[in-house]
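First up is the structure itself, then whatever we jot down about it.
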Amino acid sequence: MLDIRLIREHPDVVRRDLKKRGTAEKERLLDGVIAWDQEWRTAMTEADALKKRRNEITRAIAEAKKAKKDTSALQKDATELPEKIGALDAKSADLETRVRNGLMRLPNLLHESVPVGKDDTENVEVATWGTPRTFDFELKPHGELLEALQLADFERARKIAGAGFVYMMGDLVRLDQALLSFALDHLVKVGFTPVFPPYMMHRDAYEGVTDLGEFETVMYKVDGEDLFLIATSEHPIGALYKDEIIDEGQLPLAFAGISACFRREIGGHGVDTKGLFRMHQFNKIEQFVFCRPEDSWTWHEKLRANGEAIYRALEIPYRVVNVCTGDIGTVAAKKYDIEAWYPRQGKYREVISCSNCTDYQARRLNIRAGKVGGDKFTPHTLNSTAMATSRGLVAILENYQNADGTVTVPKVLRPFMGGQETIRAGTPR
RNA sequence: GCGGGGAUCGCCUAGCCUGGUAGGGCGCUGGAUUGCUAAUCCAGUGCGCUCUGCGCCCGGGGGUUCAAAUCCCCCUCCCCGCGCCA
């Protein structure tokens, strides 16, 4: 959420940003917000004047009663006030809600370095690492490979939960856990605190973290309860300090979230229709930071560096793109995607999304920082994937596939798998 | 799920019965004073606005009233006990 004061004082800045995004609809919303805000303040000022009058009369009555004087004249004066005040309050409450709702639907201000573009094809490559391995055999689709090795059962998962779910088994489970442990260890080493968050959240908390209106159709909701399954641990961690004041001495706060993630979106897997690439449920280690405003751009680079370090350690080639206006979404001021190389698909695909949300998320969540009794400020929040195992697993299954249908375990993961060097077949069922 | 008790400013607490400007303590910030890592005193310490001023704020919403922290109704959450339970 943008600061209404920014819109009042520098509407041109906000408008220029919306033009950069190319969203005419949001520009109209901005016009509405500006007009409603003006009307709101007018109505409120009128109501306040009447309330002042009411308070004066009320005090006069209290005084008169104390002095045992007659108060009927005063009470007569006050009789018509409640109705007028009520009408103005209702008007101003309605306008305030409109302003608030409008603000909640305006996107964050973009960082100046964000490229203009219509969709992900216009993201700008800013770094590459590694040389794609060449294969002298034809790579198997990872889904078929896993079924052949008895390590994943998509069919039975479909039977009991539908498409987009899987029973992972045997060494695939160990590989998944190894990826999680490796990524979590890496973050702990650089000072992050691990967090196992709730997997479900109330609507109001969710609205604080993101614009549910844009995502509700892809969220899982618990029937009959005000609970949404989390799409990422970014969300419960972001909401951790909702409605609180963080002591500024505590900043920066860096968390490594670990959780399953639930998303209804499912669609293209690229060249392979069956597989782990886009799932309704997957596991993820997430980086999340609360920091001082002046430090957030430094942190953004640190989170990106952590993500790159993890894929470098796995020896999987990747590139980094600066995500353009058409692909960046509502809450981020700037976003890097790290895209791993998928040899079977012959292209780079997103495995990490690294965002600086500046003060946008914190303001929606009513999180402030400072000293109690002292000046407060709105902290900045950042988030980045460290490891989403679904895509990480696919990257390994493609990049480390061998001609004999086995898969080599990346060196850095072996300590987490008892030194095992090769993925073995599971027990036939 | 049932019964009982609660929710007051960052934290703790008074006020509620009997309606009439929400008081105190702690912590924090600033200042005064004092030769000593201390004490004492003063002020500030929620939100909003078109800001010398005014309005709002007692978990949330509604009602009664000239006036509600206080009375009435609904809801949420927390605590204790019982029940159930992977």
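Order of the sequence lines sets the chain letters (A, B, ...), proteins ahead of strands, with each chain counted from 1.
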Self-check item: Distance-minimising heavy-atom pair for A:Leu50 and A:Lys84
Solution: CD1-CB, 3.8 Å

Quiz prompt | Nearest-Å distance once atom C1' is located in both B:C11 and B:U21 | solution = 25 Å

Quiz item: Expressed in whole Å, how much space separates the C1' atoms belonging to B:C73 and B:A14?
Solution: 27 Å

Self-check item: Touch class at under 4.0 angstrom, heavy-atom based, for A:Ile57 against every strand present
Solution: nothing

Exercise. Write out the stems for RNA chain B, ordered by first number and formatted as range with range, counting runs of at least 3 consecutive Watson-Crick or G-U wobble pairs under 3.5 Å.
Key: B:1-7 with B:76-82, B:10-13 with B:23-26, B:27-32 with B:40-45, B:46-49 with B:53-56, B:59-63 with B:71-75

Practice problem: Would you kindly give the CG-to-C1' distance between A:Leu50 and B:C66, to the nearest whole Å? | Solution: 14 Å

Quiz item: Atom CD1 of A:Ile85 and atom P of B:C66: how far apart are they, to the nearest Å?
Solution: 13 Å

Exercise. Please measure how far the P atom in B:G55 lies from the corresponding atom in B:G4, and state the result in whole Å.
Key: 42 Å

Self-check item: Contact under 4.0 Å: A:Arg8 side-chain N or O vs B:C49 OP1/OP2
Solution: yes

Self-check item: Distance in angstrom units between A:His202 NE2 and B:G60 C1', rounded
Solution: 14 Å

Exercise. Kindly point out which of B:U21, B:G20, B:G46 is positioned nearest to the side chain of A:Ile61?
Key: B:G20

Exercise. For B:G20 and B:C82, measure between their C1' atoms and round to the nearest Å.
Key: 44 Å

Self-check item: Phosphate-side-chain proximity, A:Arg53 and B:C66, N/O vs OP1/OP2 below 4.0 Å
Solution: no

Quiz item: Would A:Lys51 and A:Asp89 pass as an ion pair if we require N to O under 4.0 Å?
Solution: yes

Quiz item: Got a salt bridge between A:Glu56 and A:Arg59, using NZ or NE/NH1/NH2 to carboxylate O under 4.0 Å?
Solution: no

Quiz prompt | Euclidean distance, A:Ile245 CD1 relative to A:Arg368 CZ, rounded to 0.5 Å | solution = 4.0 Å

Practice problem: Would you tell me if any nitrogen or oxygen in the side chain of A:Arg5 comes within less than 4.0 Å of OP1 or OP2 on B:C51? | Solution: no

Quiz prompt | Distance test, side-chain N/O of A:Asn55 to OP1/OP2 of B:G55, below 4.0 Å | solution = yes

Self-check item: Partner of A:Thr381 by side-chain hydrogen bond (donor to acceptor under 3.5 Å, both in side chains), out of A:Arg364, A:Arg363, A:Gln361
Solution: A:Gln361

